[in-house]
Amino acid sequence: MYKILKTRLLKKVMTRSLKPGQTSALESAGLELKKEIRRKFGRSLHIREVDTGSCGACESEIIAANNPIYDIQRFGINFVASPRHADALMVTGPLSKNMEIALKKTYEAMPEPKFVITVGDCALDGGLFKGSYYIDKKINEVVPVVLHIPGCPPSPSTIIQALLDFMKK
Amino acid sequence: MPGAELINIINKKLPDFKVVAVTRPYPDELVIQVKAEDFKKVCLAVHEHLSSSVMSFFAVDDRQQQGKFILYCYFINVPLHQWVAVRLDISPADPYFEAISKDIYSAHLFEREIWEMFGLEPKGNPDLRRLRLHDEVWPVGNYPLRKDFQTVTEGEKKDYKFTRVEGEGIFEVPVGPVHAGIIGPGHFRFSVAGEPIINLEARLGFTHRGVEKLFEGKSLPAGLQLAECISGESAFAHSLAFCQAAEKIAGITVDKKTAYWRSILLEVERMYNHVNDIGGIALDVGFSFPAALAAIIKESILQANEKLTGNRYLKGVNKLGGISLKMDQSRHEELTTSLGRIREDFAVLVNILEESVSFMDRVDGTGTLKKEIAEDLGVLGLAGRASGIPIDLRKIFPGVYQEAGIKIITAQTGDVLARLKVRIEEFAESGRLTAEFLSKISTAETTGSKSGPAVDGALGYSEGWRGPVLYWLKTGTEGLIERCKIVDPSFHNWPGLSYAVLGEIIPDFPLCNKSFDLSYSGSDL
Ligand code: SF4
């Protein structure tokens, strides 16, 4: 317990200790985002993530957006365990044939209103995996996608910024 | 004759055996070609003599040039620092071979893979269910890795049959493919009697993207780019194994400086993933402070990666014959300082975990994978070492690791605690190694050598943070890739998880799973 307290005090609040320029940009982006989310969804935005064939790096960056340094939660964005609790579906990876039904079912399990966000180059059109015998549909041919966040993988700050720009529309 | 000693040993066991050909296409590879009737016996003899599980086992469709399929089954010869492949040519008229998996269990998944991808039947393997081409979406009779496969021809689709455990009071709990966390997809079918799990069947393949086919026809640089996207958190280990295979074919020996940098980055990749998993284990038992601290450490390593290479996941760094870094003094000093800070933070993290009695109690004795089972299954890498299997490619094929004197870390108990401890010690060892390499790098030589290109397929390999990553590569006359066989350690290790959870309760599954932290995409390809 003592160690935890000591580390906690020594480390201070990690969430701010990004590079100065980046921190302020990120913070202001995040605060605006929070306002937008409040306006559109009441208090917060709940996202369910589904991987339809990603290499894992896109997940890693989404998880990083939740770490104490980026802490996306402070802006009102939560990742939830069930599609029943979600406002948005975040999809990563090219669409493997094996995941098509699971993706549809996850989307159908979400309550209205709902929307879909794709993350990473693969999720747009298959990316490097385009043309494979096992990738024949794009995500947006199966569920309606309203926002795509490009990158391979997009960094945590890109993800947060993109969500903001989208909510402002 | 190359490998005469090994052939003699096989001959002692099998007096009638006549080898078709023995070649040594590269100094670290020995290929023994055998006749169909000898294949199983020779594999078994090699397996027993070398005490090696099957490291890779795959087919090549060479009907266009040579009118046949070729099978390669790779073992490892630890004392001789060599790979030993048993090769069998199969005529398209009789598309089958004698299964070896009844005697060598670690060949089992490979045989199923060869069957579903090439339609070459392993005769005698009782379980030929498909791994990746799910029966519900892929009609029977389509073998995508055959060269003449163009598009799917419609046919019968079936349902997948899970192993059923029957008896009074036994029920099944299906989980997935979509899980609660931000994680890859896989289906886990638990059979439980009361609380304890008595069987777990993992049905994977959900992230199958047909990558091995995608490599075919690509140039080597394009293949390298794809290799980095097979398993994202192992991007460097994959690109390194790919480069090694490609460099063997091209006859390139990289210079010392490149070798140092590659080893440094391989260790850095190990560090960020190990700390990530340590945090994950803490999180899965609800111990959030160390989990947050681990996330901060991981993030600082990723940021250091970005500063050094321009990419958080070390993509785009490996090049054929070298790496693309500005290797100037300032960068490497920067890395030295940030790694120093990271190692200090890590020590605090470990201390917090070790001092928490309830945490240590929770991981102690949970999810045990016994050594004998791990050996039979062919579990490798970190999970293998935690169960007492001291295999580490960095030791067997040391290169620059030789000078630094790498320490192989093993544990005997095979539980979550063992995997945690191996991670902790490996992190420390990686820290030491990077520091040592960084101190030598400024005086290292910058000239490599080049010999003539080779025609044979070559095996490239690296010891990634999960374990050995293998790429077998064959190029055609124009230098384009004809076949690329990838083995991520996850493919060997998933069955290990199914055994480790036996007798545990389902709520412990996430903890056991995290302690292995296997790749879905690396295994599903
Ligand atoms: S976009 Fe890149 S990082 Fe994301 S899943 Fe695809 S290959 Fe991986």
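Predicted, not measured: the structure shown is a model, and the values here were computed from it.
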Output the option from Val152(B), Val348(B), Asn351(B) having the highest count of non-hydrogen pairs under 4.5 Å with chain A. Asn351(B)
Let's test your reading of the structure: which of Asn311(B), Asn142(B), Leu302(B), Leu133(B) forms the most heavy-atom pairs below 4.5 Å with chain A? Leu133(B)
Could you grab the distance from atom [atom1] of [X] to atom [atom2] of [Y], nearest 0.5 Å is fine?
{"X": "Ile62(A)", "Y": "Ile183(B)", "atom1": "CD1", "atom2": "CD1", "answer": "13.0 Å"}
{"X": "Lys298(B)", "Y": "Asn67(A)", "atom1": "NZ", "atom2": "CG", "answer": "8.5 Å"}
{"X": "Ser132(A)", "Y": "Glu212(B)", "atom1": "OG", "atom2": "CD", "answer": "11.5 Å"}
{"X": "Glu100(A)", "Y": "Glu136(B)", "atom1": "CD", "atom2": "CD", "answer": "13.0 Å"}
{"X": "Arg132(B)", "Y": "Asn98(A)", "atom1": "CZ", "atom2": "CG", "answer": "11.0 Å"}
{"X": "Thr92(A)", "Y": "Ile182(B)", "atom1": "OG1", "atom2": "CD1", "answer": "9.5 Å"}

When heavy-atom pairs shorter than 4.5 Å are enumerated against chain B, which of [options] gives the highest number?
{"options": "Ala64(A), Ala102(A), Ser60(A), Gly126(A)", "value": "Ser60(A)"}
{"options": "Glu49(A), Arg48(A), Lys97(A), Glu59(A)", "value": "Arg48(A)"}
{"options": "Gly127(A), Cys122(A), Cys152(A), Cys58(A)", "value": "Cys152(A)"}

For Tyr70(A) and Glu299(B), work out which heavy atoms get closest and say how close. OH-OE2, 2.7 Å
Smallest separation among heavy atoms of Lys315(B) and Cys55(A), with atom names: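 Minimum heavy-atom contact is NZ-SG, 4.3 Å.
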Give me the one residue out of Lys213(B), His208(B), Arg209(B) that meets side chain to side chain donor-acceptor pair (under 3.5 Å) with Tyr133(A). His208(B)
Counting neighbours of [atom1] on [X] that are heavy atoms of other residues, nucleotides or ligands and sit closer than 6.0 Å, is the number greater than 12?
{"X": "Lys105(A)", "atom1": "NZ", "answer": "no"}
{"X": "Lys138(A)", "atom1": "NZ", "answer": "no"}
{"X": "Arg129(B)", "atom1": "CZ", "answer": "yes"}
{"X": "Glu216(B)", "atom1": "CD", "answer": "yes"}

Which region of [X], side chain (C-beta onward) or backbone (N, CA, C, O), has a non-hydrogen atom less than 4.5 Å from a non-hydrogen atom of chain B, or is it both or neither?
{"X": "Phe79(A)", "value": "side chain"}
{"X": "Leu128(A)", "value": "both"}
{"X": "Asp136(A)", "value": "neither"}

Select one option (side chain, backbone, both, neither) describing which atoms of [X] are under 4.5 Å from chain A's heavy atoms.
{"X": "Tyr313(B)", "result": "side chain"}
{"X": "Gln225(B)", "result": "both"}
{"X": "Leu214(B)", "result": "side chain"}

Thr52(A)/Phe206(B) under side-chain contact (heavy atoms from CB on, under 4.5 Å): CA gap, chis, key distance, verdict: CA-CA 8 Å; Thr52(A) 56; Phe206(B) 285 93; over 6 Å; no
Sub-4.5 Å side-chain heavy-atom contact between Pro185(B) and Asp51(A): yes
Could you list which of residues 517-525 of chain B have a heavy atom closer than 4.5 Å to any heavy atom of chain A, in residue-number order? Ser521(B)
